[in-house]
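Inspection log for the structure reproduced underneath, given as structure tokens.
Letters go in sequence order (proteins before strands), and every chain restarts at 1. Note that this is a predicted model, so its numbers are computed, not measured.
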Amino acid sequence: MTAKVTPRSEDYSRWYTDVIQMAELADYAPVKGCMVIRPYGYALWENVKEGLDRRFRATGHVNAYFPLFIPLSFIQKEAEHVAGFSPELAIVTIGGGEELEEPLVVRPTSETIIGYMYSRWIRSYRDLPVLINQWANVVRWEKRTRPFLRTTEFLWQEGHTAHATAEEAQEETLRMLNVYTEFAVEDAAIPVIPGRKSESEKFAGAVTSYTIEAMMGDYRALQSGTSHFLGQNFARAFDIKFLDENNELQYAWTTSWGLSTRMVGGIVMVHGDDQGLVLPPKLAPIQVVIVPIWMEDAQRSRVLEAVYQVEGMLRDQVRVKVDAREEYSPGWKFNEWEMRGVPLRIEIGPKDVEREQAILARRDLPGREGKRTVPRSTLVGEVKETLSAIQSHLYQRALAFRQAHTYDPADYNEFKEAIPNGFAFSWWCGSAECEARIKEETKATIRCIPLEQEPGRGKCIYCGRDAQERAIFARAY
RNA sequence: CGGGGCGUAGCGCAGUUUGGUGAGCGCGCACGGUUCGGGUCCGUGAGGUCGGCGGUUCAAAUCCGCCCGCCCCGACCA
């Protein structure tokens, strides 16, 4: 506890796990690959949930819950889906002490069981669209795990929609990708690149997969949310059919989209520094911490009185906490709350009580630079303004960082030099072979083909043939 | 699944090479005092089947064998 986090420059992944544990976001569970999300980390996740849920509702979605167990045969109904997920399934074969007639899969994702239910619920075009989301846990037996980024069990939301036409489903897919983008940018202060996945990187069973990709502090990419256009693949596998206006039987068009607790890892790696966690105000469980300072007992009650008064002024406007613990010195508390990423600290001591003022200290600006004295009379306004200034500063800083580490290499040699230090935004001919070779030679994969790019043509960074699109290449988590 | 590292008090570690004096150090924890505007200081104290099982030996944290677990790096993935 008294130890400091490992500096990022010394060992980035050690820094990451240090921060996760020391800030008390999560702890390792007794089962390999599993973690306990501690109250502070869970509060952060709950704020992520809230930010998303609000947007899901605003776009017409409703929440529901489907079972954890899926008959093994369901998973096997969609050819690509089974191929993609088989290696990482957890399967239950015994229940109540007896061998089950059919093994049950612990859901790795719910397209199949939801598809099955949709086939029973959808009869007519009037039943469409179906716009359902669920908040759930899923299990994927990953070989290599890291807290939040890849755990055997993780929490997420998965939206599953069914539509009458391909166009409508396509629109939905991009609408939700856009919701993710908006959430990442506005709430998490993480700049992301929305784009399309290559064939080899797309979701098992999808026609087209879309993603938002973010750059972490070590220049690696993190897929932070995905939205899939499933075409009629799952509708055919699960017989999701409806009668259209012309009394003709049609397969529905479906989508699915998800964002997981991985986002928490992204927040840590995008904003954190050598002091520890740095949380964007909109998602921070504690936005403002008030640290009282006193020398003698006589001052104690006066300081505390002022502190609670300030807390009262702020309480219904921001998430505020008073740290009145007597066993720790103010300096200790400063470090503790900085390590835990609280965006704004208010210091109130005897001098401040006397002058009816308080010190504001920003987490995103180190030392003196982030400290400011404000009069009590304007404190509430100042706090709110400062929080929103921190929110936008974090975004701008992350954006500038990504831009500074995004390259447009002139040739493959430059490309190879760029990859360890950031993203390469390069022309790609579209062949899976070039993609595979690049991966083999540089460990970089196509993170996405950005939706927004200037039309034109170029030469594939690998083979030199004509290319119509540029892709983001990077090493990924 | 392959490579590397590690399991000794809640945490971080020393001790293991060369078996044997007392299982130790720092932090944390409890109590008392002191301090408090950037991780106070002092004192007292609690806390350990040395990952597990088996073997060698008069004697094992230390040597041997097997097993288990965790972390990091790779291939696979939200």
What contact category does [X] fall into here, base, sugar-phosphate, or nothing, at under 4.0 angstrom with non-hydrogen atoms?
X: A:Glu326; value: nothing
X: A:Gly349; value: base
X: A:Trp156; value: nothing
X: A:Tyr28; value: sugar-phosphate
X: A:Thr261; value: nothing
X: A:Leu222; value: nothing
X: A:Glu347; value: base
X: A:Thr226; value: nothing

Could you please name the partner base of [N], counting Watson-Crick and G-U wobble pairs only when both distances are under 3.5 Å?
N: B:G74; result: B:C1
N: B:U62; result: none
N: B:G37; result: none
N: B:C6; result: B:G69
N: B:A23; result: none
N: B:G48; result: none

Rounding to an integer number of angstrom, what distance separates [N] and [M] when you compare their [atom1] atoms?
N: B:C27; M: B:C42; atom1: P; answer: 9 Å
N: B:C53; M: B:G69; atom1: C1'; answer: 15 Å
N: B:A9; M: B:A61; atom1: P; answer: 14 Å
N: B:U17; M: B:G3; atom1: P; answer: 27 Å
N: B:G15; M: B:G48; atom1: C1'; answer: 15 Å
N: B:G74; M: B:G28; atom1: C1'; answer: 37 Å
N: B:U18; M: B:C6; atom1: C1'; answer: 23 Å

Nearest to the side chain of [X] - [options]?
X: A:Arg150; options: B:A78, B:G37, B:G39; result: B:A78
X: A:Tyr328; options: B:G38, B:C29, B:C71; result: B:C29
X: A:Lys143; options: B:G37, B:U40, B:C76; result: B:C76
X: A:Glu336; options: B:A75, B:C77, B:G39; result: B:G39
X: A:Ser329; options: B:C1, B:C77, B:U40; result: B:U40
X: A:Glu88; options: B:C77, B:C72, B:G38; result: B:C77
X: A:Trp332; options: B:U40, B:A75, B:G37; result: B:U40
X: A:Pro350; options: B:G37, B:G39, B:C77; result: B:G37
X: A:Met295; options: B:A78, B:G38, B:C36; result: B:C36
X: A:Arg262; options: B:G38, B:C36, B:C77; result: B:C77

Inset, instruction - Kindly state whether the ring of A:Tyr219 and the ring of A:Phe401 have centres lying under 6.0 angstrom apart. - result: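 Ring-ring flag for A:Tyr219/A:Phe401: true, centres closer than 6.0 Å.
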Inset, instruction - Step through it carefully: locate the ring centre of A:Phe154, locate the ring centre of A:Trp156, and say whether they are under 6.0 Å apart. - result: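 That pair passes the under 6.0 Å test.
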Inset, instruction - Would you please name every residue forming a ring pair (Phe, Tyr, Trp, His ring centres under 6.0 Å) with A:Trp253, sequence neighbours left out? - result: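 Counting only residues at least two positions away or on another chain, A:Trp253 forms no ring pair (Phe, Tyr, Trp, His ring centres under 6.0 Å).
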Inset, instruction - Go through the N and O atoms of the side chain of A:Lys371 and the base of B:G37, and report whether any donor-acceptor pair is under 3.5 Å. - result: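 Between B:G37 and A:Lys371, which were checked side chain against base, a qualifying N/O pair under 3.5 Å is absent.
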Inset, instruction - Ignoring hydrogens and angles, answer whether the base of B:G38 and the side-chain atoms of A:Arg345 contain a donor-acceptor pair closer than 3.5 Å. - result: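 Indeed, a donor on one side and an acceptor on the other fall under 3.5 Å apart.
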Legend entry - Verdict with supporting geometry, A:His160 and A:Ser256, side chain to side chain donor-acceptor pair (under 3.5 Å): CA-CA 5 Å; A:His160 295 269; A:Ser256 68; 4.7 Å; no
Legend entry - Between C1' of B:C72 and OH of A:Tyr16, the distance in whole Å: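 So the two atoms are 15 Å apart, to the nearest Å.
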Legend entry - A:Tyr12 and A:Trp15 aromatic ring geometry - parallel, tilted or perpendicular at 30°/60° bounds: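 The rings of A:Trp15 and A:Tyr12 sit tilted, inter-plane angle from 30° to 60°.
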Legend entry - Pairing of A:Arg437 and A:Glu433 as salt bridge, 4.0 angstrom limit: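 Judged by the 4.0 Å cut-off on N to carboxylate O distance, A:Arg437 and A:Glu433 do form a salt bridge.
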Inset, instruction - Would you please confirm or rule out a distance under 4.0 Å between OP1 or OP2 of B:C36 and any side-chain N or O of A:Lys351? - result: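 So the side-chain polar atoms of A:Lys351 never come under 4.0 Å of the phosphate oxygens OP1 or OP2 of B:C36.
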Inset, instruction - Verify the distance criterion only: is there a donor paired with an acceptor across the side chains of A:His61 and A:Glu172 at less than 3.5 Å? - result: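 On atom types as modelled, these side chains qualify, holding a pair under 3.5 Å.
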